[in-house]
Amino acid sequence: DKTQIAALGLRIGGLLRAERPQDAIDVYRNALDWAPDDLALLRALLSMLSDEADAGERADVMLRILPLVSGDEAVALCQ
């Protein structure tokens, strides 16, 4: 079930964030393969991708988030 996969991905990724950030990114990416429109997973992945990360991947994640949000959050994402 997509909801459970997303929840598990968020939990595991959250545990890995501080000590093994690349592993956390990989967990988020893999969970998004199964739950591609999960806003929490997309936000978690975006938060892990630094400004030095692949600009194309950051842009892709932002474009995936944009249809899922509205109002001020959508405006902030576009700035």
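What you are looking at is a predicted structure, and each value in this text was computed from that prediction instead of being measured.
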Can you tell me how far the CG atom of D26 sits from the CZ atom of R20, to the nearest 0.5 Å?
10.0 Å
Consider only side-chain heavy atoms of I, L, V, M, F, W and Y, link residues closer than 4.5 Å, and tell whether L39 and Y28 are in one cluster.
yes
Could you tell me whether the side chain of L32 reaches within less than 4.5 Å of the side chain of R64, counting heavy atoms only?
yes
Determine whether a donor-acceptor pair (N or O, by modelled atom type, separation under 3.5 Å) exists between the side chain of R17 and the backbone of A24.
no
Using a 6.0 Å cut-off, check whether atom CD of Q22 has over 12 heavy atoms from anything other than its own residue.
yes
Same hydrophobic cluster for I65 and W34, using side-chain heavy-atom links shorter than 4.5 Å among ILVMFWY?
no
Give the cluster check for L41 versus M48: same hydrophobic cluster or not, with ILVMFWY residues linked at side-chain heavy-atom distances below 4.5 Å.
yes
With a sphere of 6.0 Å drawn around CG of D1, does it hold more than 12 non-hydrogen atoms of other residues, nucleotides or ligands?
yes
In one Ile/Leu/Val/Met/Phe/Trp/Tyr side-chain cluster, 4.5 Å: V27, L15
no
Could you grab the distance from atom CD1 of I12 to atom CG of D23, nearest 0.5 Å is fine?
11.0 Å
Is it possible for you to say whether L46 and V69 belong to one hydrophobic cluster, with membership spreading through side-chain heavy-atom contacts below 4.5 Å?
yes
E57 side chain reached by R29 side chain, heavy atoms, under 4.5 Å:
yes
